[in-house]
Visitor: 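Here's a structure for you.
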Amino acid sequence: MNHWLVKSEPETFSIDDLARAPRRTTSWDGVRNYQARNYLRAMAAGDRCLFYHSNAAPSAVVGIVEVVGTARPDTTALDPRSPGHDPRATAAEPVWSTVDVRLVEIFPRGLPLDELRGVAALAGMELLRKGSRLSVMPVSAAQFRAVVALSRRKA
DNA sequence: GCCAACGTTGGC
DNA sequence: GCCAACGTTGGC
């Protein structure tokens, strides 16, 4: 089982939105970066992802989601009215991919970036790298465990 | 809103 | 294939 981190702007889609979604499941679509797409394609059912709120106050890891199934075509790229529309995408060559994710847990408290930066076990985490912009990225099992442990601790 | 960092595009 | 221009991301 692999571990990942996925980003979403809470104004666009927050972890609370996911909690209200049918079966607490959503299609993680709209990814328009090749490296992030390749990570989506590398995901397998049962993989767990940290859910990160970007462009938030404060930006923070706020919970855990589980991958359901494997990557499939992101058909929002085919829709001219979708903000993720890509004129290069066709039904035969959809270009972009999506996976379904289900909510596992909303942390009792969010873990803001500046708190994560102070944790020795998380040194080297991709999210904390200066200039890191990927919206889907791998997380090591040890880093994942460290973040979950931190969420169990009082602020 | 500012701006640094990054990815993509396109002229050559 | 180089690289400048441009658009986007995302912390602050």
Side-chain angles (χ1 to χ4, degrees), chain A residues 2-21 26-43 47-67 71-101 103-140 142-144 146-151 153-155:
Chain A
N2 290 311
H3 298 84
W4 313 89
L5 180 144
V6 294
K7 291 182 183 175
S8 182
E9 303 196 11
E11 293 213 358
T12 305
F13 188 81
S14 72
I15 200 165
D16 295 313
D17 293 328
L18 180 55
R20 286 188 290 265
T26 194
S27 170
W28 203 264
D29 53 31
V31 170
R32 295 295 179 267
N33 169 284
Y34 286 104
Q35 196 176 350
R37 180 203 70 181
N38 292 343
Y39 287 140
L40 286 179
R41 290 180 176 178
M43 288 182 179
D47 283 2
R48 298 218 157 177
C49 314
L50 299 172
F51 193 119
Y52 178 79
H53 279 168
S54 63
N55 260 316
S59 294
V61 177
V62 290
I64 300 170
V65 298
E66 180 172 356
V67 176
R72 51 192 177 76
D74 180 353
T75 52
T76 66
L78 304 176
D79 179 0
R81 285 173 309 282
S82 164
H85 177 239
D86 184 342
R88 295 169 302 172
T90 63
E93 285 289 336
V95 187
W96 302 109
S97 298
T98 182
V99 298
D100 289 340
V101 298
L103 180 63
V104 172
E105 177 190 353
I106 299 179
F107 289 156
R109 66 186 189 92
L111 305 172
L113 253 199
D114 63 344
E115 180 174 348
L116 299 180
R117 289 192 199 283
V119 178
L122 299 180
M125 195 178 181
E126 168 71 19
L127 177 72
L128 305 182
R129 249 195 47 241
K130 181 184 169 88
S132 167
R133 294 194 313 175
L134 275 180
S135 62
V136 180
M137 62 182 77
V139 169
S140 76
Q143 289 164 350
F144 191 91
V147 170
V148 173
L150 200 60
S151 78
R153 213 145 57 215
K154 294 234 189 318

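Computed from a predicted model, the values in this text were never measured in an experiment. Only this structure's heavy atoms are used, side chains among them; waters, hydrogens and symmetry mates stay out. Lettering follows sequence order; numbering is per chain, from 1.
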Visitor: Report yes if some heavy atom in the side chain of A:Met125 is under 4.5 Å from a heavy atom in the side chain of A:Met137; otherwise report no.
Guide: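 Not touching, per the 4.5 Å side-chain cut-off.
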Visitor: Can you confirm if the aromatic rings of A:Tyr52 and A:Trp4 lie within a centre distance of less than 6.0 Å?
Guide: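 When the ring centroids of A:Trp4 and A:Tyr52 are compared, they turn out to be at least 6.0 Å apart.
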Visitor: If you take all heavy atoms of A:Arg41 and A:Val95, which pair is closest and at what distance?
Guide: NH2-O, 3.1 Å
Visitor: Taking only side-chain N and O atoms of A:Ser59, does any of them lie within less than 4.0 angstrom of OP1 or OP2 on C:dG10?
Guide: no
Visitor: Measure CG/A:Asn38 against P/B:dG7 and give the value in whole Å, please.
Guide: 13 Å
Visitor: For C:dG10, take OP1 and OP2 only and decide whether either is under 4.0 Å from a side-chain N or O of A:Lys7.
Guide: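 Checking A:Lys7 against C:dG10: at least one side-chain N or O falls below 4.0 Å of OP1 or OP2.
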Visitor: Under a 4.5 Å cut-off applied to non-hydrogen side-chain atoms, are A:Glu115 and A:Arg109 in contact?
Guide: yes
Visitor: Whole angstroms only, please: what is the OH-P distance between A:Tyr39 and B:dG7?
Guide: 11 Å
Visitor: Roughly, in whole Å, what's the span from CG in A:Leu116 to C1' in C:dC12?
Guide: 16 Å
Visitor: Would a line drawn from the ring center of A:Phe51 to the ring center of A:Trp28 be shorter than 6.0 Å?
Guide: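 They qualify: ring centres under 6.0 Å apart.
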Visitor: Can you find a heavy atom in the side chain of A:Val31 that is under 4.5 Å from one in the side chain of A:Thr98?
Guide: no
Visitor: Kindly say if A:Tyr34 contacts the phosphate of B:dC6, meaning a side-chain N or O under 4.0 Å from OP1 or OP2.
Guide: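 No, outside the criterion.
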Visitor: Round to a whole Å and report the spacing from CZ of A:Arg37 to P of B:dG7.
Guide: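 Taking atom P of B:dG7 as the reference, CZ of A:Arg37 is at 15 Å.
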Visitor: Is any side-chain heavy atom of A:Gln143 closer than 4.5 Å to one of A:Val148?
Guide: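 Of all side-chain heavy-atom pairs linking A:Gln143 with A:Val148, none is under 4.5 Å.
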Visitor: With a 4.0 Å heavy-atom cut-off, tell me which residues in residues 119-134 of chain A come close to DNA chain B, sorted by residue number.
Guide: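 Listed by number, they are A:Arg129, A:Lys130, A:Gly131, A:Arg133.
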Visitor: Once you round it to whole Å, what is the distance between C1' of C:dT8 and CG of A:Asn55?
Guide: 11 Å
Visitor: Contacts to DNA chain B from residues 84-96 of chain A, heavy-atom cutoff under 4.0 Å, which residues?
Guide: A:Arg88
Visitor: How close or far is atom P of C:dC12 from atom CG of A:Asp114, stated in whole angstroms?
Guide: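 The distance from CG of A:Asp114 to P of C:dC12 comes to 7 Å, rounded to the nearest Å.
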Visitor: Check whether any side-chain N or O of A:Ser132 sits under 3.5 Å from a backbone N or O of A:Glu126 as a donor-acceptor pair, and report yes or no.
Guide: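 At least one qualifying donor-acceptor pair exists.
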Visitor: Once you round it to whole Å, what is the distance between P of C:dG10 and CZ of A:Arg117?
Guide: 13 Å
Visitor: From CD of A:Glu9 over to P of C:dG10, roughly how many Å is that when rounded to an integer?
Guide: 7 Å
Visitor: With sequence neighbours excluded, tell me which residues meet salt bridge (charged side-chain N to carboxylate O under 4.0 Å, His left out) with A:Arg72.
Guide: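 For A:Arg72, the residues satisfying salt bridge (charged side-chain N to carboxylate O under 4.0 Å, His left out) (neighbours in sequence not counted) are A:Asp100.
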